[in-house]
Amino acid sequence: MSSVDANQTKDGFFAHVYEVVEQIPLGMVATYGQVATLAGGMGKARFVGFALHANPRPGIIPCHRVVFADGSLTSGFAFGGIDAQRRLLEGEGVNFLADGRVDLATCRWSAGT
DNA sequence: AATTTGACGCTTT
DNA sequence: AAAAGCGCCAAAT
């Protein structure tokens, strides 16, 4: 055992991802790349997806608030369908574009807001 | 122990 | 403007 806590060293980057995603306020969305960057891993955007799919905290981590860099939602097999996710975000107050994309221009979350 | 895959993002053709 | 490929690095098999 090192001086570090044996309680936190196991997740590393993933833990940061969960932290960041949990910080996303309602009515806002963040992109995988953005979360990855905030989590301290610029370029590890894919792991953000992995981390969210792992979903260690169902109900706590609003994975549906995390979208692609261009505002599109996850490939369809997640959440039970993009339409379901879109519905959810709309219910939270997120605006959508006619293309079926999240209006990042209005709902893009920033750290510290 | 090594190889393959992976909720992505960006650059290049 | 659109499509394809490459890159990141860790986890799962």
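The chains referred to below are lettered A, B, ... by the order of the sequence lines, with proteins before strands, and numbering in each begins at 1. Source: prediction; values computed, not measured. The basis for the numbers below is simple: all heavy atoms, side chains too, and nothing from hydrogens, waters or symmetry mates.
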Interatomic distance, A/H16 NE2 vs C/dC8 C1' [rounded to whole Å]:
17 Å
Strictly by salt bridge (charged side-chain N to carboxylate O under 4.0 Å, His left out), give each pair with a member in residues 92-113 of chain A just once, sequence neighbours left out.
A/R65-A/E92, A/D70-A/R101
Taking only residues at least two apart or on different chains, which pairs with a member in residues 80-89 of chain A satisfy salt bridge (charged side-chain N to carboxylate O under 4.0 Å, His left out)?
none
Side-chain contact, heavy-atom cut-off 4.5 Å: A/V35 with A/L52?
no
Which pairs pass ring pair (Phe, Tyr, Trp, His ring centres under 6.0 Å) with one or both residues in residues 22-42 of chain A, sequence neighbours excluded?
A/Y32-A/F68
Shortest non-hydrogen pair, A/V67 vs A/S72, comes out as CB-O, 3.5 Å
Tell me, for nucleotides 1-6 of chain B in 5' to 3' order, what letter each nucleotide earns: B for a base near a protein heavy atom under 4.0 Å, S for only sugar-phosphate near one, - for neither?
-----B
Output every pair passing salt bridge (charged side-chain N to carboxylate O under 4.0 Å, His left out) with a member in residues 37-64 of chain A, not counting sequence neighbours, ordered by first then second residue.
none
Should A/L88 and A/L73 be regarded as members of a common hydrophobic cluster, given that ILVMFWY residues are connected when their side-chain heavy atoms come within less than 4.5 Å of each other, either directly or indirectly?
no
I need the OH-P distance between A/Y32 and B/dC8, as an integer number of Å.
7 Å
How close or far is atom P of B/dT11 from atom CG of A/D70, stated in whole angstroms?
14 Å
Against the side chain of A/F14, the closest entry in B/dA7, C/dA11, B/dG9 is C/dA11
In residues 98-113 of chain A, which residues come under 4.0 Å of DNA chain C by heavy atom?
none
All heavy atoms of A/A36 vs all of A/F13, minimum pair found to be O-CE1, 3.9 Å
Separation of atom CE in A/M42 from atom P in B/dT11, rounded to whole Å
11 Å
Whole-Å distance between B/dA7 P and A/Y18 OH?
14 Å
For A/L73 and B/dC8, what is the distance between atoms CG and P respectively, to the nearest whole Å?
13 Å
